[in-house]
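Down below is the structure, laid out as structure tokens.
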Amino acid sequence: TLIIEGDRNSVPILGFLCRLAASFNNPYSGEDNTAEITPNIRYNGERFFIKGGTLNLHLAETHGFSGGLKLALDAGFLSERSDYEDNEKLAGLKEREGSVLGGIYMNHDTSLGRLNFSALTDLSDEHDGQIAKLKYTFDLTAGKWNINPLLGVEWMSDEFVNHYTGVSANEATATRTIYSGEETINVFAGIRARYEITDKSDVNVASGVVKLGSEITDSPIVEDDVVYQASLGFNYNF
């Protein structure tokens, strides 16, 4: 069963996903590839569900369309000074506090998979930015493997871009110019393969790539145009 943003008609389930290994290249200047282990709790009920670190409330469903409300915590690499204080290229940058995002999501199920749209805005008055995402996830099977290729685009407002990649006058140096970006679009693609070990457990393998928009990559504190990521995880459903 393909569950991307929750399914009101699915059996209520509580799941615990542990990403045994996740790696990605950090696009900020002077940063190397990053690897980490992260737990992730997933819950899917009739109306409320937790997915990918977001809280969601299903409101309506008709003719293959469904939708509801979404709440998410958003924080970037610069949210903790200790993570970059030893990086000379980022020295002097202020911390960019995380924010609470809220908005809507909409799904449309087809014979090949699911089209998902979400639009969120900053509810915490941290940067007053907005972000919107449109993606299509295919639902394919091969034996006990469930395979989900996906394609998508992501729009970020200028406030959102500047919060994470802008450079203020107080942060500028002889080698780091003042920078104020505008709205931009990121393009991404990926694939996830899930193998069912038992009725309650499975293994997940995923990989993806994001082509960052020019308003992000033009920032003097960003050096990578593309972000790659890969992960291996184990999921157990209670």
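Quantities reported herein were computed from a predicted structural model and do not represent experimental measurements.
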Test L123 against L71 for side-chain contact (heavy atoms from CB on, under 4.5 Å), laying out the working first. CA-CA 9 Å; L123 301 178; L71 192 68; 3.8 Å; yes
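- The CG atom of L101 sits 5.5 Å away from the CZ atom of F160 when rounded to the nearest 0.5 Å.
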Report the C-alpha separation of F77 and F24 in whole Å, then their side-chain angles, then the decisive distance to 0.1 Å, and conclude whether the ring pair (Phe, Tyr, Trp, His ring centres under 6.0 Å) test is met. CA-CA 12 Å; F77 174 70; F24 56 91; 9.1 Å; no
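- A ring-ring contact (aromatic ring centres under 6.0 Å, His included) check over residues 196-223, counting only residues at least two apart or in different chains, returns nothing.
- D139 and N146 share a donor-acceptor pair across their side chains, judged by distance under 3.5 Å alone.
- The two residues G98 and E126 make their nearest non-hydrogen contact at O-CG, 3.8 Å.
- Atoms CG and CG, from D218 and L212 in turn, are 11.0 Å apart once rounded to the nearest 0.5 Å.
- The environment of CG in D199 is sparse: at most 12 heavy-atom neighbours from other residues, nucleotides or ligands sit within 6.0 Å.
- Enclosure of atom CD in E182 is not indicated, since only 12 or fewer non-hydrogen atoms of other residues, nucleotides or ligands lie within 6.0 angstrom.
- More than 12 heavy-atom neighbours from other residues, nucleotides or ligands sit within 6.0 angstrom of NZ on K211.
- With sequence neighbours left out, the salt bridge (Lys or Arg N to Asp or Glu O under 4.0 Å) criterion links R96 to E171.
- Donor-acceptor pairing under 3.5 Å is lacking for the side chains of D109 and N107.
- Ring geometry for F138 versus Y136: interplanar angle over 60°, hence perpendicular rather than tilted (30 to 60°).
- The closest side-chain donor-acceptor pair between S157 and E159 falls under 3.5 angstrom.
- Classified by interplanar angle (parallel below 30°, tilted 30° to 60°, perpendicular above 60°), the ring pair F49/Y105 is perpendicular.
- In this model, a donor atom of one side chain and an acceptor atom of the other lie less than 3.5 Å apart for N56 and T54.
- The distance from atom CG of N235 to atom OG of S201, rounded to the nearest 0.5 Å, is 8.5 Å.
- Between K70 and S118, the shortest heavy-atom distance links the atoms CE-CB, 4.1 Å.
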